[in-house]
Amino acid sequence: MISSFSAPFGRGRGAVRLAAGTLVSGLVAAGVLVTAGTAVADTAAQTQGGATATIGGLKTYGAAVFHDESGDQEVSAGLFEMSVDGGGTLHTYCVDLHNPTQKDAKYQETPWSGTSLGVNKDAGRIRWILQNSYPQVNNLAALAKKAGITGGGLTEQDAAAGTQVAIWRYSDGADVDAVDPQAERLADYLHRTARAVAEPPASLTLDGPAVSGHPGELLGPVTVRTGASAVTVTPPLDAAITGVRVVGKDGEPVTSARDGSELFFDVPVGTAAGAAELTVQASTTVPVGRAFTSGSRSQTQILAGSSESTVAATASATWAETGAVPALSAAKNCPENGVDIAASNQGDQAFTFELMGVRHSIPAGTTRTVTIPLQEDQAYDFTITGPQGTQSRFAGVLDCRTRADETGLTTQTLAEPSPATVGGTARAGTDLAETGGSDATPLIAGTAIGLVVIGGTVLLLVGRKENTTQG
């Protein structure tokens, strides 16, 4: 999938702003039409669709011991709980042991390619563990029997801890054991038995999230992909004034759709050059194994269970009578260590732009993908101005690795509960894996800011040079 992506800045991170004067994005603020000659910055969060949620903390957990060259560290291991925007609850496990969880961080459903799972050959085994352990398997007696556990059986805390430990062994390559013997037996069983399972589909996304064309045409298609039985379709906010409608391929207005439905923007003849956005929303369960990421450098999570939850996605359109008529969408590409910008041009002239010192040309009637290379943990913030003066923003942090080794710092966060000392000295009230702030967090954030500022200065100079050349 190459879907629209723009996340808010991570807290405590620097930003690098690049301006490409001849670029236009098909991503604009929800429901707003932008007319020719208006320079409007898009600061809304454009996402790849699906569920958006806020993480609370560990819901059901036990203890585990993480072993590395610095010694043993006891950590909390188990299920997190998230509250979905618009309604619903998610339960997740961590797939990013060495990074902290920021309490109340905002998370967005994300394809594996935008996370460390995209470069992890064992990602499919993690999904198998999720499908075959707690809470998907809530018959703990049956689960204990499969794992060869006798005697006292499994508690929910043991099941959650054992499942998390097995996941960490695949997600982080961690040398980690559950403290409780029953939980450790479950972890060993899951780790030993897991086999590869394919990535699950998104709960709701739109293929063709940015389209373009000419007034008088149907701009699209934008294809709905969802497991929900139906989705509601919300037209542009100013549709009653501008006459821009959302229609099906038969040209008739639509207010609802289903999986596979094709949607189009119907722009009346003579409409001034501009842009608009539609929104689709549904209520459904999110598939087990979907990844969730945060722009605040909070631990990447993977879904273990979902209630009926609200999911949404957006698509945008740009149009003009003549000239280049580009549309853009973007997505993190962890296998390529960068951000993919998909640029299409349905105009009658080539769409030429410069970004980070490289010139690209998209001939009329074609689509190409430009990969912007970035360093791990690098914050990016591209503000892109188009032919009609419209602006769009692609912002976020490239977070593709599970180990925070770029700064050489150990990430420790407020524990729940506090760890005991295991084979060494541990500060009371800290651990590697739990949620909240920590004494180390400000130092980590400060170091990250410094590194980004150093790199950002170079990129900013490149941006200024580009602007001077274009001017």
Side-chain angles (χ1 to χ4, degrees), residues 51 53-66 74-84 88-97 99-105 107 109 115 117 125-140 142-144 147 149 153-172 174 176-180 182-187 189-191 194 200 285-294 298-309 402 413-417 419 431-436:
T54 302
I55 197 165
L58 281 172
K59 178 72 172 179
T60 306
Y61 57 91
V65 179
F66 169 67
E74 186 167 309
V75 299
S76 302
L79 274 175
F80 289 85
E81 185 170 276
M82 293 191 191
S83 299
V84 178
T89 301
L90 308 177
H91 288 107
T92 62
Y93 288 105
C94 161
V95 288
D96 197 1
L97 172 61
N99 288 312
T101 300
Q102 306 293 341
K103 188 172 178 63
D104 297 328
Y107 278 78
E109 185 178 341
T115 74
L117 298 171
R125 297 180 187 273
I126 296 172
R127 190 186 179 202
W128 185 94
I129 291 171
L130 295 166
Q131 292 175 322
N132 290 273
S133 191
Y134 181 78
Q136 287 300 302
V137 179
N138 56 18
N139 184 335
L140 297 183
L143 183 59
I149 297 172
L154 283 170
T155 65
E156 290 183 344
Q157 291 75 20
D158 293 340
T163 304
Q164 177 65 91
V165 165
I167 289 171
W168 276 335
R169 291 174 183 174
Y170 281 123
S171 66
D172 295 75
V176 59
D177 301 308
V179 170
D180 184 272
Q182 309 292 62
E184 175 62 13
R185 290 190 186 95
L186 175 63
Y189 160 73
L190 295 171
H191 184 235
T285 55
V286 182
V288 169
R290 289 298 289 170
F292 281 79
T293 59
S294 171
S298 189
Q299 286 178 340
T300 300
Q301 303 281 312
I302 193 165
L303 188 70
S306 167
S307 70
E308 193 80 3
S309 298
T402 58
T413 58
L414 184 63
E416 185 183 343
D431 75 40
L432 288 171
E434 228 298 87
T435 183

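Quick caveat, the model's predicted, so the values are computed rather than measured.
Residues forming a side-chain hydrogen bond (donor to acceptor under 3.5 Å, both in side chains) with Tyr107 (at least two apart in sequence, or on another chain): Ser298. With sequence neighbours excluded, the residues satisfying side-chain contact (heavy atoms from CB on, under 4.5 Å) with Gln136 are Val288. Every side-chain hydrogen bond (donor to acceptor under 3.5 Å, both in side chains) that Thr92 has, sequence neighbours left out, goes to Gln301. In this structure Asp180 satisfies the salt bridge (charged side-chain N to carboxylate O under 4.0 Å, His left out) test with no other residue, sequence neighbours excluded. Residues passing the salt bridge (charged side-chain N to carboxylate O under 4.0 Å, His left out) test with Arg127, sequence neighbours excluded: none. Here Thr54 pairs with Asp85, Asp104, Lys106 under the side-chain contact (heavy atoms from CB on, under 4.5 Å) rule; sequence neighbours left out. With sequence neighbours excluded, the residues satisfying side-chain contact (heavy atoms from CB on, under 4.5 Å) with Ala194 are Arg125, Trp128, Ile129, Tyr170. A search for side-chain contact (heavy atoms from CB on, under 4.5 Å) contacts involving His91 returns Lys59, Leu79, Glu81, Thr89, not counting sequence neighbours. Contacts of Asp177 classified as side-chain hydrogen bond (donor to acceptor under 3.5 Å, both in side chains), with partners at least two apart in sequence or in another chain: His67, Arg169. Among residues two or more places apart in sequence or in another chain, the side-chain hydrogen bond (donor to acceptor under 3.5 Å, both in side chains) test is passed with Ser133 by Thr163.
Between Ala166 and Ala187, the closest heavy-atom pair is CB-O, 3.7 Å. The two atoms that bring Gln182 and Gly153 nearest to each other are NE2-O, 3.3 Å, heavy atoms only. The two atoms that bring Gln102 and Pro100 nearest to each other are NE2-CG, 3.8 Å, heavy atoms only. For Leu58 against Ser76, the heavy-atom pair with the smallest separation is CD1-CB, 3.5 Å. Across every non-hydrogen atom of Ala64 and Ala77, the tightest pair is CB-CB, 4.0 Å. Closest heavy-atom contact between Leu90 and Ala53: CD1-CB, 4.1 Å.
If you take CD on Glu109 and OG on Ser306, they are separated by 9.0 Å, rounding to the nearest 0.5 Å. Separating the CD1 atom in Ile126 from the CG atom in Leu190 is a distance of 12.0 Å, to the nearest 0.5 Å. One finds the CG atom of Leu154 at 6.0 Å from the CG atom of Leu140 (value rounded to the nearest 0.5 Å). The structure places CD1 of Ile302 at 12.0 Å from OG1 of Thr293, a figure rounded to the nearest 0.5 Å. Considering CG of Asn99 and OG of Ser294, their distance stands at 11.0 Å, rounded to 0.5 Å.
Under the 3.5 Å distance criterion, the side-chain polar atoms of Lys103 are left unmatched by any main-chain donor or acceptor of Ile55. In this structure a side-chain-to-backbone donor-acceptor pair under 3.5 Å is missing from Gln157 to Gly62. Under a 3.5 Å cut-off, the side chain of Gln164 and the backbone N or O of Tyr93 do not form any donor-acceptor pair.
Considering only heavy atoms from C-beta on, Asp172 stays 4.5 Å or farther from Phe66 through its side chain. Counting heavy atoms from C-beta on, the side chains of Val65 and Val179 come closer than 4.5 Å. For the pair Thr101 and Cys94, the minimum side-chain heavy-atom distance is 4.5 Å or more. At least one side-chain heavy atom of Ile167 sits less than 4.5 Å from a side-chain heavy atom of Val95. Side-chain atoms of Thr402 and Leu97, non-hydrogen and from C-beta on, never get closer than 4.5 Å to each other. Taking 4.5 Å as the limit, every side-chain heavy atom of Asp158 sits out of range of all side-chain heavy atoms of Leu186.
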